[in-house]
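Atoms within each ligand, like the ligands themselves, are counted from 1 in listed order. Along the sequence shown, the residues carry numbers beginning at 1. Excluded from the calculations below are hydrogen atoms, water molecules and symmetry mates; all remaining heavy atoms, backbone and side chain alike, are included.
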Amino acid sequence: MLITGKTRVCAIIGEPVEHSLSPLMQNAAFQALRIDCVYVPFRVPSSCLRDAVRGFRSQGVLGFNVTIPHKIKIIKYLAELHPLARNIGAVNTVLNTKTGLVGYNTDAMGVIEALRRKRVRLNDSTVTILGAGGAARAIVYALVETAHRIVVLNRTRRKARKLKRDLERRLGRQIEIGDLTRKSLAEALRATDLLINATSIGMNGEDSSLPISQADLQQHLTVLDIAYGRSETELLRKARRSGCRTIGGIEMLLHQGAAAFEIWTGMKAPLTTMRNALACAKPGGGSR
Ligand code: ATR
C-alpha cells in the first residue's frame with residue numbers, strides 16, 4: 001500500500017507487543033474498505049506510557065489499542081471514558097477526538113461474542129476466571145449478569161480484592177475471590193463449568209505456567225484461554241487431552257478488534273476479512 005502524508009495511523013501499545021496479530025487483522029480491514037490508514041505496533045514500557053500517549057495525541061493518530069500491562073494505568077492519561085470503560089475500570093481502545101483522547105472497552109463484548117458464537121451456555125453456570133488485570137475485569141463485567149457464580153483467582157490478593165470491591169459496587173452482584181494456587185484452583189475447578197485464563201502468563205517474558213494439572217481439568221469443563229500463540233497454549237493442550245471443550249483466544253481477539261475498528265472508522269467492520277487474515281496467520285505468533 002502507498003503511505004502518503006494523508007495516511008492516518010492507528011496503533012497498539014503494550015509490552016510485549018511484537019507478536020500481536022492485531023496489525024495483521026486491522027490492516028486487512030483498512031485495505032478491504034479502502035481506508036487510508038495503517039496500524040502499527042509500538043512496544044511501550046510502563047515508564048514511557050505517559051509520553052507515548054502524549055505523542056499519539058500530538059501526532060494526531062486516529063486511535064490505538066492498549067494491551068498488557070497498560071489497560072488500567074492508561075486511564076489517568078485520557079480526557080474522557082466511555083461509561084462501559086469507566087464501569088469496568090479498564091481501557092483497550094482509544095479514540096483521538098477533537099476534544100481529547102476517549103477510552104473505550106471492547107474486551108467485554110469480545111468475550112461475550114466469542115462465547116455466543118461457540119454456543120457456550122452461561123445461565124446457571126459457575127465461571128472461574130484466572131487473573132485480575134484489565135482483561136479479567138472486562139470478562140467479569142461481561143459475564144456477571146448471566147452466570148450464576150463468578151470466582152476470580154489471582155496471584156496478588158490485593159488486586160483481586162480491588163476488582164471485587166469496584167465491580168461489586170458497580171454491579172450489585174457478588175464476586176468470589178481467591179489465590180491462584182494449585183490447591184485453590186483444583187478446588188474451584190470441581191464446581192466450575194467455564195474456566196477462562198485472563199492472566200498474561202507466558203506472554204510477559206516470564207518463564208512460568210498456570211498451577212494446573214491435566215487431572216484437574218475434567219471433561220465437563222469448557223476452557224477459554226484469551227492468550228494465543230504460535231501453537232495451542234499449554235492450558236488448552238491439557239484441556240483438550242482431558243476431553244474438555246476448548247476455545248482459543250483468536251475468537252475474542254477478532255470480536256474486540258472488530259468493535260475497535262468500528263469506533264475508529266464509524267464503519268461496519270469487515271468481519272470475514274479480519275477472520276481470514278487471522279486464519280492465514282495461524283499457527284502464527286501472537287499475544288493479545
Ligand atoms: P491485562 O490488562 O492484559 O489483563 P495486566 O493488567 O498486566 O494485563 O494483568 C495481568 C494478569 O496476569 C494479572 O492478574 C497478573 O497477576 P498479578 O495481579 O499477580 O500481577 C497475572 N499474571 C501475570 N504473570 C503471572 C504469573 N507468572 N503468575 C500468575 N499470574 C500472573
Side-chain angles (χ1 to χ4, degrees), residues 12-22 41 43-49 53 64-78 81 84-85 88-94 103-108 110-111 114 127-143 150-167 175-186 188 195-213 224-229 233-235 249-250 252-253 256-257 260 286-288:
I12 178 165
I13 58 171
E15 188 183 37
V17 78
E18 293 77 6
H19 310 298
S20 171
L21 294 182
S22 290
R43 183 178 192 117
V44 175
S46 293
S47 57
C48 301
L49 182 60
V53 172
F64 55 96
N65 281 132
V66 185
T67 188
I68 306 162
H70 305 316
K71 287 180 180 176
I72 298 172
K73 278 177 232 133
I74 187 101
I75 289 176
K76 57 176 178 274
Y77 304 123
L78 303 176
L81 287 183
L84 180 63
I88 291 171
V91 163
N92 76 318
T93 301
V94 176
Y104 291 80
N105 193 298
T106 69
D107 278 340
V111 73
V127 184
T128 296
I129 296 161
L130 310 182
R137 277 177 168 259
I139 293 168
V140 171
Y141 191 92
L143 306 188
I150 297 268
V151 181
V152 172
L153 302 181
N154 196 49
R155 177 179 61 179
T156 309
R157 179 55 84 96
R158 181 181 43 79
K159 231 189 206 166
R161 276 207 209 101
K162 181 152 171 41
L163 179 154
K164 177 179 167 70
R165 202 172 48 239
D166 290 352
L167 296 187
I175 298 158
E176 297 167 47
I177 57 169
D179 297 328
L180 181 48
T181 60
R182 185 171 287 276
K183 187 162 172 278
S184 57
L185 180 50
L195 171 68
I196 303 181
N197 175 36
T199 71
S200 52
I201 284 180
M203 295 188 297
N204 50 10
E206 291 175 29
D207 184 20
S208 51
S209 57
L210 285 167
I212 195 165
S213 73
L224 164 63
D225 194 341
I226 74 164
Y228 56 85
T233 63
E234 190 187 336
L235 172 64
I250 292 281
M252 177 168 161
L253 175 78
Q256 64 76 33
S287 60
R288 58 180 205 245

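Set against the non-hydrogen atoms of G131, the atoms of ligand 1 under 4.0 Å away are 14 (O). For ligand 1, the atoms closer than 4.0 angstrom to any heavy atom of G133 are 4 (O), 6 (O), 9 (O), 14 (O). Here is the list of ligand 1 atoms found below 4.0 Å of a heavy atom in G134: 1 (P), 2 (O), 4 (O), 6 (O). Set against the non-hydrogen atoms of A135, the atoms of ligand 1 under 4.0 Å away are 1 (P), 2 (O), 4 (O). Within ligand 1, counting atoms from 1 as listed, the ones closer than 4.0 Å to a heavy atom of A132 are 14 (O). Less than 4.0 angstrom separates some heavy atom of K71 from each of these atoms of ligand 1: 2 (O).
When atom types are taken as modelled, the side chain of T93 and the backbone of A260 share no donor-acceptor pair closer than 3.5 angstrom. Although no hydrogens or angles enter the test, the distance criterion places a donor-acceptor pair under 3.5 Å between the side chain of R137 and the main chain of I88. Checking side-chain atoms of K71 against main-chain N and O of N92 turns up no donor-acceptor pair under 3.5 Å. Side-chain atoms of Y228 come within 3.5 Å of backbone N or O of L21 as a donor-acceptor pair.
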task = I would like to know whether N154 and T156 meet side-chain hydrogen bond (donor to acceptor under 3.5 Å, both in side chains); could you show each step before the answer?
result = CA-CA 6 Å; N154 196 49; T156 309; 4.5 Å; no

inquiry  = The test is side-chain hydrogen bond (donor to acceptor under 3.5 Å, both in side chains); show your working for S22 and N65 and say whether it passes.
reply    = CA-CA 9 Å; S22 290; N65 281 132; 4.8 Å; no

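Heavy atoms of T199 found under 4.0 angstrom from ligand 1 belong to the backbone as well as the side chain.
A heavy-atom separation below 4.0 Å is not found between T67 and ligand 1.
Using a 4.5 Å cut-off on side-chain heavy atoms (C-beta onward), I196 and I226 make contact. I177 is listed as a side-chain neighbour of R157, based on a closest heavy-atom distance under 4.5 Å.
Counting only non-hydrogen atoms, the option in R155, H70, K73 that gets closest to atom 25 (C) of ligand 1 is R155. Distances from atom 17 (P) of ligand 1 to the heavy atoms of L180, T156, L163, N197 put T156 nearest.
Considering backbone and side-chain atoms alike, P69 places every N or O at 3.5 Å or more from each N or O of ligand 1. Ligand 1 has no N or O atom lying under 3.5 Å from any N or O atom of A136, backbone or side chain.
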